[in-house]
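Beneath this line is the structure, given in structure tokens, with notes to follow.
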Amino acid sequence: MENKIGKDRQRKFASQHLLWVMVIGAFVGLFTACDSDDVGENYYTFTGKTMGQYIEENPEVYSEFSKMLDTTGVKSLLNAYGEYTCFLPNNLAIFDYYEQEGFSSLNEMSLDSIKKLVYNHIIKDHVLETDLFGNGFIPNLTMSGRYLRVAISSNGSGLVYTINGNSAISKMNMEVHNGVIHEIDQVLSPTENSLVEAIAAEDKFSLFYNAVITTGLGNELLLVEDKDYVPDEVLLERDGVVQGHGILTSVPKEKKYGYTALIPSNETFAKYGISNLDEMAAYAKELYDPMYPQDAGISDITDRKNSLNRLIAYHLINKKLTRRLFIEAYDNTGQFFESTGETHAIKVVDMFEYIEPMAPNTLIEVRTLRTSNEYNIFNMISETGEAVRLTDDYDNDALNGVFHEIDGILAYTRDVEREITSKRIRMDGASFFPELTNNNMRIGSASKEHPSIEWDFPQGYIERVRVSETTVFGYITPDDRFQDYQGDEIFLTGLYDFTITTLPIPAGTYEIRFGYQPTPFRGVAQLYWDGKPCGIPLNLSILANDPRIGHMVPGMDPNDPNGYENDKMMRNRGYMKAPASFQVIKDSNNGGWYMGVARNSEDALRKILGIFTFDETTTHEFSVKAAQEGQFMFDYLEFVPLEVIEKEDIY
């Protein structure tokens with residue numbers, strides 16, 4: 001579920017605001033003492049005050065947090081225009097915190113500590129009522145850059161929302177002029193443990209922890225932030241500039257790292273006959289010697305090609321992936337325009353996401369399962385239904401990562417590789433770049449005021465990209481108004497010349513396709529695969545209905561009601577319609593962009609790059625050079641085994 005204000009709530013918010021203005025103007029003498037209306041045990045209506053004013057004017061409950069806001073200067077922010085969610089600790093919660101930390105008062109805390117505490121409780125740019133919460137992490141970061149975990153239970157008289165395991169919401173959904181407040185009964189103090197330290201504290205994961213340390217992989221999970229990163233001065237001149245359609249230009253102010261561990265418990269390992277490291281090593285050897293016979297003799301478990309090292313590394317990812325960020329968030333876009341219940345993704349067929357773990361030249365396939373309405377199905381084998389899933393113990397936070405318990409052992413076997421290569425592999429452009437996830441860009445950074453953000457990156461920020469000095473390499477966050485696969489796109493300007501290193505692609509022969517959105521503002525570019533040109537330069541300004549491409553909306557020709565003959569004609573010219581699996585939501589007020597299914601749109605295309613044979617599973621290079629200066633966008637890549645093309649669906 002997306003964290004957003006639906007249109008119904010926007011109308012309620014606006015109408016309540018107008019009502020207050022009218023009431024105050026006509027009956028100011030009668031209502032000067034009214035701050036809010038209690039409409040239920042823990043539910044409050046719009047107060048007419050800013051968040052800062054409401055906190056300050058209730059000193060009997062919030063005076064300590066109010067002092068913190070004054071000390072740090074944050075109160076002026078909460079009195080300003082914007083959108084905020086505050087998990088507001090009451091005075092008793094803060095006095096308990098002082099006692100636990102050994103402080104007699106606020107005066108004994110350092111300014112940095114006070115600011116961090118305040119930032120832990122505020123989410124900027126999002127108004128999040130409890131009906132938007134689900135069990136697990138809220139996908140929007142606090143101002144301190146941390147996730148908050150929600151647990152929902154029932155006490156017999158209603159739902160109970162607990163934050164970070166021990167802080168209950170005592171009063172919820174208190175609407176103020178610039179956001180919403182949830183009063184909580186304990187101060188929020190996210191863990192400062194690294195991912196490895198957090199795993200070590202869990203006894204049920206001791207076997208996995210021992211393997212992580214013994215293989216040396218723990219040393220690969222230590223980075224928190226690149227302290228040497230300095231924002232590019234030239235790019236900063238564009239920072240904060242609002243472009244057309246409300247797109248805000250931003251430049252990263254920091255570069256954070258993140259990791260994910262998918263962990264079988266000791267009990268789960270026991271089901272595989274594993275109770276110690278030697279038995280785990282024997283199991284790994286049995287799995288991986290047939291897969292990598294050339295490495296069967298490597299006994300050093302710190303070698304990345306050793307079978308035990310591969311097994312453990314396959315459970316580690318260099319992205320901080322909360323439960324929703326494996327795949328669910330990309331299937332559920334519709335962040336600002338979901339009043340009708342529609343989403344950007346059309347949920348007719350299963351969606352797939354591909355993740356590169358730390359085991360070399362491997363992939364994890366994550367899928368939906370529409371038949372059971374499930375997300376986060378890992379490495380499912382279609383013939384048997386065998387798969388690995390998350391247990392109920394997920395979204396365990398750490399300073400630089402997150403870990404989840406899984407109900408089986410993950411491994412990159414021949415069966416898994418065959419499964420991946422038995423279907424069309426569609427990879428969203430954003431899936432290639434861990435930096436987008438680790439710095440909260442891929443999901444969660446846009447706001448209602450600015451539905452999408454264009455992040456412009458200095459050279460070296462994105463490690464899988466090489467760009468020339470004349471290239472501005474950027475990323476536009478998901479926006480329901482864009483006719484893009486997941487609503488987002490890689491976006492470049494200037495006289496661009498860049499190379500992207502892909503995720504590992506299994507050995508095989510594929511038709512490779514490049515998904516993009518043509519507009520009159522695009523330029524002309526030469527595309528290359530592994531250094532070889534893919535045909536003549538591609539003119540990205542030509543819309544799909546141009547005679548040179550020949551797109552016709554399915555149903556327009558009575559002799560071709562499904563558009564299949566038109567599909568064949570377009571393929572002969574090297575093009576394909578966009579998939580029918582995503583859309584521009586019909587109530588998105590999109591300012592003239594095409595509304596409806598991408599397959600029917602003249603603003604979405606696939607270009608066939610050619611047929612390529614890969615002798616081994618490895619990464620590849622996709623390069624683009626501008627033939628003339630202009631815009632370039634990159635939505636997704638498809639790798640389609642030749643035997644799949646004849647039976648491929650339109651989605």
Side-chain angles (χ1 to χ4, degrees), residues 220-221 223 225-226 228-229 232 235 251-252 254-260 304 313 316-321 325-326 330 353-366 425-443 454-477 484-486 488-494 496-506 512 514-516 525 527-532 534 609 612 614 616-625 632-639:
E220 305 292 322
L221 307 173
L223 295 177
E225 183 177 355
D226 183 355
D228 294 328
Y229 169 71
D232 186 282
L235 290 181
V251 176
E254 57 188 1
K255 182 177 180 179
K256 291 186 176 181
Y257 300 96
Y259 307 96
T260 299
R304 298 303 296 273
L316 303 172
I317 303 163
N318 68 341
K319 300 179 185 179
K320 186 173 182 177
L321 296 171
L325 295 184
F326 284 108
Y330 321 129
E353 181 79 0
Y354 296 91
I355 298 171
E356 181 182 25
M358 295 176 69
N361 292 322
T362 60
L363 288 175
I364 297 174
E365 181 183 86
V366 190
I425 303 171
R426 181 179 295 149
M427 295 180 173
D428 187 77
S431 69
F432 297 155
F433 311 123
E435 295 86 356
L436 302 184
T437 302
N438 293 333
N439 292 278
N440 200 40
M441 298 171 186
R442 187 172 180 186
I443 292 291
E454 179 188 324
W455 291 95
D456 288 346
F457 304 110
Q459 289 201 17
Y461 190 93
I462 305 293
E463 295 180 6
R464 300 185 89 109
V465 177
R466 301 194 308 273
V467 299
S468 68
E469 293 183 358
T470 57
T471 303
V472 177
F473 184 88
Y475 170 69
I476 298 182
T477 61
D484 296 324
Y485 170 43
Q486 293 178 0
D488 59 352
E489 57 188 55
I490 307 302
F491 187 81
L492 297 101
T493 56
Y496 46 81
D497 183 349
F498 69 96
T499 296
I500 293 172
T501 301
T502 71
L503 301 184
I505 307 301
I512 301 180
F514 163 69
Y516 70 103
L527 311 183
Y528 300 83
W529 192 263
D530 286 337
K532 297 179 180 179
C534 301
L609 301 185
F612 299 84
F614 306 143
E616 58 181 342
T617 302
T618 188
T619 60
H620 298 270
E621 290 191 342
F622 174 55
S623 303
V624 178
K625 292 184 179 180
F632 181 86
M633 71 82 65
F634 161 39
D635 191 4
Y636 57 92
L637 290 176
E638 289 182 346
F639 303 86

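The aromatic rings of Phe622 and Phe514 sit tilted relative to each other, their planes meeting at an angle between 30° and 60°.
The salt bridge (charged side-chain N to carboxylate O under 4.0 Å, His left out) check on Lys320 picks up Asp397, with sequence neighbours excluded.
Proximity of the aromatic rings of Phe457 and Tyr475 is defined here by a centroid distance below 6.0 angstrom, and this criterion is not met.
With Glu353 as the fixed residue, the salt bridge (Lys or Arg N to Asp or Glu O under 4.0 Å) test singles out one of Arg426, Arg442, Lys319: Arg442. When Tyr516, Phe491, Tyr496, Phe473 are each tested for a ring pair (Phe, Tyr, Trp, His ring centres under 6.0 Å) with Phe632, only one passes: Tyr496.
The main-chain N or O of Gly515 is never found under 3.5 Å from a side-chain atom of Asp635 such that the two would form a donor-acceptor pair. Using a distance-only test at 3.5 Å, with no hydrogens or angles considered, no donor-acceptor pair links the side chain of Thr470 to the main chain of Gly494. In this structure, Arg466 contributes its side chain and Ser623 its backbone to no donor-acceptor pair below 3.5 Å. Between the side chain of Tyr330 and the backbone N or O of Leu325 there is at least one donor-acceptor pair closer than 3.5 Å. Judged by distance alone, the side chain of Asn439 and the main-chain N or O of Lys256 form a donor-acceptor pair under 3.5 Å.
Taking both residues in full, the closest heavy atoms of Leu637 and Thr502 are given as CD1-CG2, 4.4 Å, listed atom of the first, atom of the second, then distance. Contact between Leu363 and Pro357 at its shortest, heavy atoms only, is CA-CD, 4.0 Å. Taking every heavy atom of both residues into account, Pro504 and Thr362 meet most closely at CG-O, 3.8 Å. Considering every non-hydrogen atom in both Pro458 and Leu235, the closest pair reads N-CD1, 3.5 Å.
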- Determine, stepwise, if the pair Trp455 / Ile462 fulfils side-chain contact (heavy atoms from CB on, under 4.5 Å). CA-CA 12 Å; Trp455 291 95; Ile462 305 293; over 6 Å; no

- Taking it one step at a time, do Val465 and Ile500 satisfy side-chain contact (heavy atoms from CB on, under 4.5 Å)? CA-CA 5 Å; Val465 177; Ile500 293 172; 4.1 Å; yes

- Item | Evaluation steps, side-chain contact (heavy atoms from CB on, under 4.5 Å), between Ile355 and Leu321 | CA-CA 10 Å; Ile355 298 171; Leu321 296 171; 3.8 Å; yes

- Message: Does Met358 form a side-chain contact (heavy atoms from CB on, under 4.5 Å) with Leu221? I'd like the steps, not just the answer.
- Response: CA-CA 10 Å; Met358 295 176 69; Leu221 307 173; 3.8 Å; yes

- Verify side chain to side chain donor-acceptor pair (under 3.5 Å) between Asn318 and Tyr257, making sure each step is shown before the conclusion. CA-CA 8 Å; Asn318 68 341; Tyr257 300 96; over 6 Å; no

Could you list the donor-acceptor pairs under 3.5 angstrom formed between side-chain atoms of residues 427-435 and any protein atom two or more places apart in sequence or on another chain?
residue	atom	partner	partner atom	Å
Asp428	OD2	Ala430	N	3.1
Ser431	OG	Asp428	O	2.6
Glu435	OE2	Glu463	N	3.0

